[in-house]
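Computed over heavy atoms, backbone and side chain alike; hydrogens, waters and symmetry mates excluded.
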Amino acid sequence: LTPGIRSSELVETALSMRNATFEADDLWTTFEVIENGELERPLHHNEKILEQVLEWSTLDRPSSAFLVIKKFAGAKRMAGGKDPRQFIKSDYLKFNDGSSKLLSGHKFQDKYIVLRSEKLLLYRDIKVNSPYFTFLE
């Protein structure tokens, strides 16, 4: 591996080394796993692997962190998208925007989020058609 290798390159290299067969709409990615599996997150396809691994030295137990390459369950590639890395993922999330002081006992609220291409859309409810907040990359 080179110091500048990115998550997508690591996935491509590992899958080609294993002669893995997969369907065109499968989305494989590198996941960072911390605290022996307690926390897990997918790495962005452009995120540099070495930079992330070096961050583990700040953990209480650096040996509890590792990388896993696997299918991104629940994510779907966008049909007709030009960039094969574009996908859609959605789920509920506990969210606190810091604006509501009236709900002192309920600081976190359930929100529905959709990650689509380069946008993170935040909905008050799954039934609402338009997001009340959009984050851009």
Side-chain angles (χ1 to χ4, degrees):
L1 298 175
T2 64
I5 193 166
R6 300 182 185 281
S7 175
S8 60
E9 296 168 327
L10 179 62
V11 169
E12 291 169 10
T13 302
L15 292 177
S16 67
M17 288 173 64
R18 302 285 299 180
N19 293 325
T21 58
F22 50 90
E23 297 190 23
D25 60 345
D26 288 344
L27 183 64
W28 288 77
T29 193
T30 306
F31 284 79
E32 173 187 28
V33 182
I34 300 176
E35 297 298 328
N36 294 320
E38 292 294 319
L39 300 170
E40 180 178 291
R41 78 172 181 97
L43 297 178
H44 186 273
H45 63 89
N46 278 334
E47 198 165 348
K48 291 183 179 177
I49 298 295
L50 181 59
E51 289 177 8
Q52 192 55 49
V53 170
L54 291 175
E55 290 290 322
W56 297 346
S57 65
T58 62
L59 298 174
D60 290 338
R61 294 183 316 144
S63 63
S64 70
F66 54 93
L67 298 172
V68 174
I69 296 173
K70 64 180 184 176
K71 283 185 194 178
F72 197 161
K76 301 174 195 162
R77 291 187 194 270
M78 292 176 61
K82 294 178 184 175
D83 184 355
R85 295 181 185 104
Q86 290 185 348
F87 63 93
I88 299 172
K89 174 122 174 98
S90 59
D91 207 347
Y92 279 97
L93 175 75
K94 294 281 188 187
F95 182 78
N96 180 5
D97 61 7
S99 65
S100 178
K101 295 188 177 167
L102 298 174
L103 300 173
S104 59
H106 301 87
K107 294 181 181 178
F108 289 90
Q109 302 167 17
D110 283 332
K111 300 295 181 193
Y112 188 71
I113 60 165
V114 175
L115 179 61
R116 179 182 300 139
S117 295
E118 299 174 353
K119 295 180 184 175
L120 178 68
L121 308 169
L122 183 63
Y123 295 85
R124 294 187 195 282
D125 191 293
I126 194 171
K127 298 173 188 169
V128 178
N129 290 334
S130 60
Y132 79 92
F133 202 85
T134 303
F135 300 91
L136 300 174
E137 179 180 23

Discussion item. I'd like to check the side chain to side chain donor-acceptor pair (under 3.5 Å) partners of Glu40; sequence neighbours left out, ordered by chain and number.
Written reply: Lys70
Anything under 3.5 Å between a donor and an acceptor, one on a side chain of residues 53-63, the other on a protein residue two or more places apart or in another chain? List them.
from, atom 1, to, atom 2, distance (Å)
Trp56, NE1, Glu32, OE2, 2.7
Ser57, OG, Leu54, O, 2.9
Thr58, OG1, Glu55, O, 2.7

Fill in: Linked, directly or transitively: Leu50 and Ile34 (ILVMFWY side chains, under 4.5 Å)
no
Worksheet entry | Residues forming a salt bridge (Lys or Arg N to Asp or Glu O under 4.0 Å) with Glu47, sequence neighbours excluded | Arg41
Fill in: Closest non-hydrogen atom pair between Leu43 and Ser7, with its separation
CB-OG, 3.8 Å
Response to the item:
Checking Leu27, Thr29, Thr30, Val68 against Pro42 for side-chain contact (heavy atoms from CB on, under 4.5 Å), the one that qualifies is Thr29
Worksheet item: Would you find a donor on one side and an acceptor on the other, under 3.5 Å apart, between the side chain of Glu51 and the backbone of Lys48?
Response: no
Worksheet entry | From CD1 (Ile5) to CD (Glu12), nearest 0.5 Å | 9.0 Å
Worksheet item: So, do Ile69 and Trp28 sit near enough that their side-chain heavy atoms are less than 4.5 Å apart?
Response: yes
